Novice: 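First, the structure itself, so that you have it in front of you.
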Amino acid sequence: MRRPMVAGNWKMHGTRASVAELINGLAQQQISADVDVAVFPSTLHVLQVVSGLAGSDFAVGAQDCAIDPQQGALTGEVAASQLHDAHCSLVLVGHSERRSVLGETDQVVTRKFAAAQSSGLTPVLCVGETLAQREAGQTLEVVAAQLSAVIDVLGVEVFAQAVIAYEPVWAIGTGLTASPEQAQDVHAAIRAQLAAKSPELAGQVRILYGGSVKAASAAELFGMPDIDGGLVGGASLNADEFGAICRAAGS
Ligand code: 13P
C-alpha cells in the first residue's frame, strides 16, 4: 500500500510576514497521520519554514537545486547539499515553469535529480504535456520521454527514493483540472513504464497529480487507483484549503 502524499508548492510567493501567517495556519490543521505532507517555500523562506514547522509532521522541500550537488562557484544557485544542511528533505525537479520559462532540458533535470539524491534529498520529478501536445494526441509520448530521460541515464532503481508528479501544463494555475479519468490514464501509463523495468518498484513509487487541485476536486482525484496524492500550487497558499486537501488524501 502506498502512503498518500500532499505537497504544497508555494512558487515565487510570500513575504516573511505572509509566510509566518501561513505557518501558523498550517500548525492548526488536523491532518491524518496516514498522509505525508510537505511544503515547498521559496529558497529565501526555507529556513523560516523549517524553524516555524519544527516538531510538526510537515516536511520541507525546495523548489529547485543546482546541477552540482556540492557547494562551489555557481553564482545564484543553491546546492542540494546546502538544502540538506538547511533541513530540506525533498526538492522539486523539472517543474514545467522551469522547463518552459527557464529552458531546463531533460539533461539538466536529470543532473538535478542525481544531485538531489546524492545529497540525501528525495527528488519530486515533475512531468507533463502542454495543451498543444495533448491536442495533438502526444500526451503519453511526451510524459514517457520525460521519464525515460531520467531512467536511461540513472536507471529505474533511482525511483525507489523519488516521487513523480504528473502536472499537465494546461491545468497549472488555470483552474482547469484534468478529469480524474484523464489523470488516471497518464498515471497508469507512468506506472506501466516503470513496471516494464521493475514491477516491484512500480508498485511502490508515489505518483502525485498537480494542476489546479482544490479541496473540492481532491477527493475524486485521489480516489483513482494510480493517483497517490497531489502537488498543489495556488491552493497551498491558504492553510485551511491546503489542510482540507490533505484530509481528502487521508480519507
Ligand atoms: P496550481 O495548483 O496553482 O495549478 O499549480 C500546480 C503546480 O504547478 C504545482 O507544482
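Note that the coordinates shown come from a computational prediction; the quantities given were computed from them, not determined experimentally. Each ligand, and each atom within it, is numbered from 1 in the order the structure gives.
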Novice: Could you check whether any heavy atom of Lys214 sits closer than 4.0 Å to an atom of ligand 1, since that is the contact criterion I want to use?
Specialist: no

Novice: Out of Gln63, Glu97, Glu167, His95, indicate the one that has the non-hydrogen atom closest to atom 6 (C) of ligand 1.
Specialist: Glu167

Novice: Angle class for the His187/Tyr166 ring planes (parallel below 30°, perpendicular above 60°, tilted otherwise)?
Specialist: perpendicular

Novice: Between Ala171 and ligand 1, which residue portion shows a heavy-atom distance shorter than 4.0 Å: side chain, backbone, both, or neither?
Specialist: backbone

Novice: My understanding is that only one of Asp64, Val124, Asn9 makes a side-chain contact (heavy atoms from CB on, under 4.5 Å) with His95; could you say which?
Specialist: Asn9

Novice: Aromatic ring centroids of Phe242 and Phe58 under 6.0 Å?
Specialist: no

Novice: Heavy atom under 4.0 Å from ligand 1: found in Asn9's side chain, backbone, both, or neither?
Specialist: side chain

Novice: Are Ser81 and His84 close enough that a side-chain donor and a side-chain acceptor fall under 3.5 Å?
Specialist: no

Novice: Judged by non-hydrogen atoms, does Gly210 sit under 4.0 Å from ligand 1?
Specialist: no

Novice: Please verify whether a non-hydrogen atom of Gly173 lies at under 4.0 Å from ligand 1.
Specialist: yes

Novice: Under 3.5 Å, N or O to N or O, is Gly234 touching ligand 1 that way?
Specialist: yes

Novice: So, Lys197 and Glu157, do they make that salt bridge, N to O below 4.0 Å?
Specialist: no

